[in-house]
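Mind looking over this structure? Questions follow.
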Amino acid sequence: MKSKNLVIICLSLLLAFGNCIPTMAKESNGYNSNKVPECMQPGTIILFDSNTHFMILEGGFPSTENKQKILLEEKSSDERELEDEAKRNGTYYSAPHENNIVPAKGMKVIYGTDGLLNSVEGKENDTERITPTANTAFNSISVSNSNNIMKAAANKKLIAQWGPNNYNKLYKSGKEYIGYGRATTFNDTKGQRDHTLKKGDVATSLTYDNCQYGTKVQVNARKKGSTKKATHVMYKRDAGGMDNAIVDIWKKGVEYWGYKYSKNLSLPGKTKIVHN
């Protein structure tokens with residue numbers, strides 16, 4: 001009877017967490033899994049020692065439903081308007097998007113303070129933070145979608161979507177680029193053009209949003225301990241892999257919203273960015 005009850009409890013947990021816990025079997029030295037878990041306890045680090053097996057180096061599985069996932073799934077009226085227009089003109093379906101990350105031996109996955117996947121080290125074609133002299137990646141996305149953009153009757157288009165469940169989305173509306181998703185943090189010393197990073201600097205996606213160095217970026221994020229949001233003008237001084245974020249805020253920049261920088265800090269709620 002005890003074993004039967006245990007099975008029922010385990011099934012209930014899997015249903016409750018949904019995509020947060022992939023189907024896996026525990027072994028004495030880790031877990032078998034063909035997927036990278038989307039949610040873990042805040043600050044968790046896991047290491048895949050094969051393509052189908054990982055060990056937990058720090059942290060563990062979540063014990064409750066992840067509230068940040070729910071917040072990321074919510075959409076404001078302006079985001080819904082952009083999404084609906086992109087669906088009507090077809091760019092929502094043709095825009096580049098990333099598939100779920102496939103586990104590989106040697107891959108280390110690090111989770112943020114919100115319990116969601118923050119970054120992946122050692123994945124195939126891993127993108128390091130670099131200092132390009134031109135925004136080639138940003139231009140290549142625009143060029144690759146030029147046919148779709150020319151055919152689109154409306155002025156609002158989806159440029160790209162990425163991260164688990166594609167929570168991070170970048171749109172183009174007129175001359176503005178508008179992004180929605182997670183806000184994470186980084187602590188590099190130097191950014192693009194050998195710039196010494198300081199409070200107010202941010203990084204954007206090297207692959208999808210490598211806008212011009214020095215671009216003003218309006219960052220609208222949730223204040224600490226509040227449901228209210230505040231917008232601060234920051235400056236794009238770097239670009240990186242951004243496995244699961246729309247913007248990376250340099251260290252002390254989080255103080256604008258009342259947060260104190262810490263390793264793997266990820267701001268709660270959905271963050272919006274706007275730049276030209």
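Predicted model, so just to flag it, every value in this text is computed and none were measured. Residue numbers start at 1 and run along the sequence shown.
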Would you please test Y261 and F186 for ring-ring contact (aromatic ring centres under 6.0 Å, His included) and show each step? CA-CA 9 Å; Y261 172 78; F186 70 111; 9.2 Å; no

Here the pair of heavy atoms bringing A239 nearest to A203 is N-CB, 4.0 Å

Residue pair D209 / H275, side-chain heavy-atom distance below 4.5 Å: yes

Could you walk me through whether K156 and D84 pass the salt bridge (charged side-chain N to carboxylate O under 4.0 Å, His left out) check? CA-CA 9 Å; K156 300 175 175 65; D84 290 343; over 6 Å; no

Side-chain heavy atoms of L72 within contact of R182, under 4.5 Å: yes

Consider only side-chain N and O atoms of N32 and T52, and report whether a donor and an acceptor are under 3.5 Å apart. no

Does a donor on one side chain sit under 3.5 Å from an acceptor on the other, for E38 and N165? yes

Taking the six-membered ring of F48 as reference, does the NZ or CZ atom of K105 fall below 6.0 Å from its centre and within a 45° cone about the axis? no

State, to 0.1 Å, how close A160 and A95 come at their nearest heavy-atom pair, and which atoms those are. N-CB, 4.2 Å

Sub-3.5 Å donor-acceptor pair from the side chain of D243 to the main-chain atoms of V120, do we have one? yes

Ignoring hydrogens and geometry beyond distance, is a side-chain donor-acceptor pair present between K270 and Y167 at under 3.5 Å? no

Looking only at the side chains, is there a donor atom on one of N220 and T231 sitting less than 3.5 Å from an acceptor on the other? yes

For the residue pair N34 and P103, establish whether any side-chain heavy-atom pair is separated by less than 4.5 Å. no

Under 4.5 Å between side-chain heavy atoms, counting indirect links through other Ile/Leu/Val/Met/Phe/Trp/Tyr residues: same cluster for L117 and I56 or not? yes

Closest non-hydrogen atom pair, N168 against G181: OD1-CA, 3.4 Å

Polar side-chain atom of T44 near backbone of M40 as donor-acceptor pair, under 3.5 Å: no

Does atom NZ (K252) have a neighbourhood of more than 12 heavy atoms from anything else shown, all under 6.0 Å? no

Does atom NZ of K87 have more than 12 heavy-atom neighbours, drawn from other residues, nucleotides or ligands, at distances under 6.0 Å? yes

Grouping I, L, V, M, F, W and Y whenever their side-chain heavy atoms are under 4.5 Å apart, do Y213 and V217 come out in a common cluster? no

Determine whether the side chains of S266 and T184 contain a donor N or O and an acceptor N or O closer than 3.5 Å. no

Are the side chains of I70 and E65 in contact, using a 4.5 Å heavy-atom criterion? yes

Measuring only between side-chain heavy atoms, which start at C-beta, is P37 closer than 4.5 Å to F54? yes

Donor-acceptor side-chain pairing of K272 and Q218 below 3.5 angstrom: no

Start with the C-alpha distance between K260 and L265, add both sets of side-chain angles, then the distance that settles side-chain contact (heavy atoms from CB on, under 4.5 Å), and finish with yes or no. CA-CA 9 Å; K260 183 178 180 180; L265 174 66; over 6 Å; no

So does K223 get a backbone contact from the side chain of S226, meaning a donor-acceptor N/O pair under 3.5 Å? no

Under 3.5 Å, side chain of S50 to main-chain N/O of H53, donor-acceptor pair present? yes

Taking atom NZ as the centre, does K67 end up with more than 12 heavy-atom neighbours from other residues, nucleotides or ligands that are less than 6.0 angstrom away? no

Measure the acute angle between the ring planes of Y208 and W162, then classify it against the limits of 30° and 60° as parallel, tilted or perpendicular. parallel

Going through the distances and angles, do L170 and Q161 end up as a side-chain contact (heavy atoms from CB on, under 4.5 Å)? CA-CA 6 Å; L170 180 69; Q161 50 185 329; over 6 Å; no

Main-chain N/O of L197 paired with D188 side-chain donor or acceptor, under 3.5 Å: no

Counting N and O atoms only, with roles assigned by atom type, does the side chain of T196 sit under 3.5 Å from a partner on the main chain of K190, one being a donor and the other an acceptor? no

Is it the case that one hydrophobic cluster holds both Y235 and L206, taking links as side-chain heavy atoms less than 4.5 Å apart, direct or via other members? no

Any heavy-atom pair between the side chains of T207 and N210 that's under 4.5 Å? no

Would you indicate whether the side-chain heavy atoms of R222 and L71 approach each other to under 4.5 Å? yes

Looking only at side-chain N and O atoms, does K251 offer a donor or acceptor that is under 3.5 Å from a partner on T185? no

Side-chain heavy atoms nearer than 4.5 Å, only ILVMFWY residues, links allowed to pass through others: does that put L82 and Y93 together? yes

Within 6.0 angstrom of K216 NZ, more than 12 heavy atoms from elsewhere: no

At what distance, to the nearest 0.5 angstrom, does CG of D49 lie from CE of M55? 4.0 Å

Short question: side chain of N276, backbone of Y177 - any donor-acceptor pair under 3.5 Å? no

Does a side chain donor of either H195 or D238 reach within less than 3.5 Å of an acceptor in the other side chain? no

Hey, can you tell me if W257 and H232 have their rings parallel, tilted or perpendicular (30° and 60° cut-offs)? perpendicular

Using salt bridge (charged side-chain N to carboxylate O under 4.0 Å, His left out), reason through E83 and R80 one step at a time and then give a plain yes or no. CA-CA 5 Å; E83 182 179 275; R80 285 196 299 270; over 6 Å; no

NZ or CZ of K199 within 45° of Y256 ring axis and under 6.0 Å: yes

Measure the shortest side-chain to side-chain distance between D248 and T204 over non-hydrogen atoms and say whether it is less than 4.5 angstrom. no

First locate atom CG of N187, then atom OG of S262, and finally report the distance between them rounded to the nearest 0.5 Å. 10.5 Å

Derivation of the side-chain contact (heavy atoms from CB on, under 4.5 Å) call for M107 and V36: CA-CA 10 Å; M107 179 186 291; V36 175; 4.2 Å; yes

Examine L116 and I45 and state if one hydrophobic cluster contains both, with Ile, Leu, Val, Met, Phe, Trp and Tyr joined whenever side-chain heavy atoms are less than 4.5 Å apart. no

Only one of D114, I249, V247, T113 forms a side-chain contact (heavy atoms from CB on, under 4.5 Å) with L267, so which one is it? I249

Do the ring planes of Y180 and Y171 sit parallel (below 30°), tilted (30 to 60°) or perpendicular (above 60°)? perpendicular

Hydrogens and angles aside, do N118 and N244 bring a side-chain donor and acceptor to less than 3.5 Å of each other? no

For V202 and R237: C-alpha separation, side-chain torsions, deciding distance, then whether side-chain contact (heavy atoms from CB on, under 4.5 Å) applies. CA-CA 6 Å; V202 298; R237 303 292 190 187; over 6 Å; no

